[in-house]
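What follows is a single structure, written as structure tokens, with notes after it.
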Amino acid sequence: MGKLIVISGPSGVGKGTIVKKLLKTGGYALSVSCTTRAPRDGEKEGVSYFFITEKKFDEMIENGGFLEYSRHFGKSYGTPKSFVEKQLKTHDVILEIEVDGALQVKKSYPEAVLIMVVPPNARELKARLLKRGSEDEDTIQKRMQRMEYELSKRGQYDYTVVNDKLEAAVDEINGIIKSVDKK
Ligand code: 5GP
């Protein structure tokens, strides 16, 4: 059996880049989530996400198809259970999800390894988010609140990794995964 690795962190912290690097180092399977939000430029169906309707999402909830799911920024996100369970037989599986979902996973899979990626300097990240272009005041406020909320849950994670230097953060996470005993 592989390990279930959950990686979270506030938006803009660089967790997407970290996950891409981890996948390149090999051996991991990445869970592809379902979402009801629209694809962004360059995102591919079945690679970035499975883009589905709210109706389909609700059906999947009813059928017990999600390992976890949550709603944030007015959209729904969920981890399909069947893929993860199948992959876990042969691989360590990475979930890149937000905190509410991560804590749900920990309840059903206590052996899951929860890793939160945090910025070296939260104030700097806030400034970066503020500068990040076109979003209106309301959206920015929501993102800020979300960031505070995510960081407030770090105590419930098994590990916190500071993303100061990308390579170092990736090495640290690889080290954590390798060192965790299979229970
Ligand atoms: P985005 O819309 O920017 O791709 O993702 C927004 C947030 O949703 C990110 O924090 C991302 O980690 C989280 N997310 C992506 N997929 C899932 C999922 O399947 N479940 C949960 N709970 N969160 C997810």
Side-chain angles (χ1 to χ4, degrees), residues 4-23 28-54 56-61 63-88 93-109 112-119 122 125-126 128-130 132-136 138-154 156-157 159-161 163 169 173:
L4 193 52
I5 316 297
V6 179
I7 299 186
S8 309
S11 131
V13 77
K15 59 188 187 298
T17 314
I18 289 179
V19 168
K20 274 193 200 123
K21 288 253 176 198
L22 284 171
L23 292 175
Y28 302 115
L30 177 69
S31 161
V32 178
S33 298
C34 295
T35 183
T36 61
R37 78 154 167 77
R40 298 189 187 122
D41 276 354
E43 286 186 334
K44 289 203 186 83
E45 167 71 18
V47 179
S48 320
Y49 283 103
F50 296 103
F51 296 97
I52 65 175
T53 60
E54 287 290 349
K56 179 93 198 331
F57 199 93
D58 289 344
E59 280 169 19
M60 280 188 69
I61 295 174
N63 297 332
F66 288 127
L67 191 71
E68 61 71 37
Y69 65 91
S70 82
R71 295 195 153 95
H72 45 278
F73 300 131
K75 301 291 173 193
S76 307
Y77 296 79
T79 304
K81 194 191 262 177
S82 54
F83 175 85
V84 172
E85 288 185 341
K86 185 164 166 239
Q87 289 295 322
L88 268 179
V93 180
I94 297 179
L95 268 51
E96 190 214 313
I97 62 177
E98 53 66 63
V99 291
D100 294 338
L103 297 175
Q104 282 176 53
V105 170
K106 192 74 179 172
K107 273 195 194 141
S108 31
Y109 289 82
V113 183
L114 266 53
I115 301 172
M116 182 174 292
V117 180
V118 299
L125 180 61
K126 271 192 189 175
R128 213 188 312 155
L129 281 178
L130 277 173
R132 196 164 86 174
S134 57
E135 281 142 2
D136 58 50
D138 189 43
T139 310
I140 290 170
Q141 276 309 322
K142 281 197 186 118
R143 279 187 191 277
M144 292 295 179
Q145 282 164 8
R146 188 76 202 171
M147 176 173 142
E148 301 288 355
Y149 175 70
E150 300 238 335
L151 290 174
S152 77
K153 299 286 178 185
R154 61 196 275 177
Q156 293 180 58
Y157 275 62
Y159 299 92
T160 298
V161 171
N163 186 18
I173 292 176

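Just follow the structure's listing: the first ligand is 1, and inside any ligand the first atom is 1.
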Legend entry - Under the side chain to side chain contact (heavy atoms under 4.5 Å, CB included) test, residues paired with Glu96 that sit two or more places apart: Lys15, Val19
Inset, instruction - Run the salt-bridge test on Lys153 and Glu98 with the 4.0 Å N-O cut-off and return the result as yes or no. - result: no
Output block, N or O contacts of ligand 1, threshold 3.5 Å exclusive:
unit_1, atom_1, unit_2, atom_2, d
ligand 1, 2 (O), Arg37, NE, 2.6
ligand 1, 2 (O), Arg40, NH2, 3.3
ligand 1, 2 (O), Tyr77, OH, 2.5
ligand 1, 3 (O), Arg40, NH1, 3.4
ligand 1, 3 (O), Arg40, NH2, 2.9
ligand 1, 4 (O), Arg37, NH2, 2.9
ligand 1, 4 (O), Tyr49, OH, 2.5
ligand 1, 5 (O), Tyr49, OH, 3.3
ligand 1, 8 (O), His72, NE2, 2.9
ligand 1, 12 (O), Glu96, O, 3.4
ligand 1, 16 (N), Ser33, OG, 3.1
ligand 1, 19 (O), Ser33, OG, 2.6
ligand 1, 19 (O), Glu68, OE2, 3.3
ligand 1, 19 (O), Gly78, N, 3.4
ligand 1, 19 (O), Gly78, O, 3.1
ligand 1, 19 (O), Thr79, N, 3.4
ligand 1, 19 (O), Thr79, OG1, 3.4
ligand 1, 20 (N), Glu68, OE1, 3.4
ligand 1, 20 (N), Glu68, OE2, 2.7
ligand 1, 22 (N), Glu68, OE1, 2.9
ligand 1, 22 (N), Ser70, OG, 3.3
ligand 1, 22 (N), Glu98, OE2, 2.7
ligand 1, 23 (N), Glu98, N, 3.3

Legend entry - Ring geometry between Tyr77 and His72 (parallel below 30°, tilted from 30 to 60°, perpendicular above 60°): parallel
Legend entry - Minimum heavy-atom distance between Gly9 and Glu150, given as atom pair plus value: O-OE1, 3.4 Å
Legend entry - Exam field: side chain Asn163 to backbone Val13, donor-acceptor pair closer than 3.5 Å: yes
Legend entry - Nearest non-hydrogen partners of Glu54 and Thr36, listed with the distance: OE2-OG1, 2.9 Å
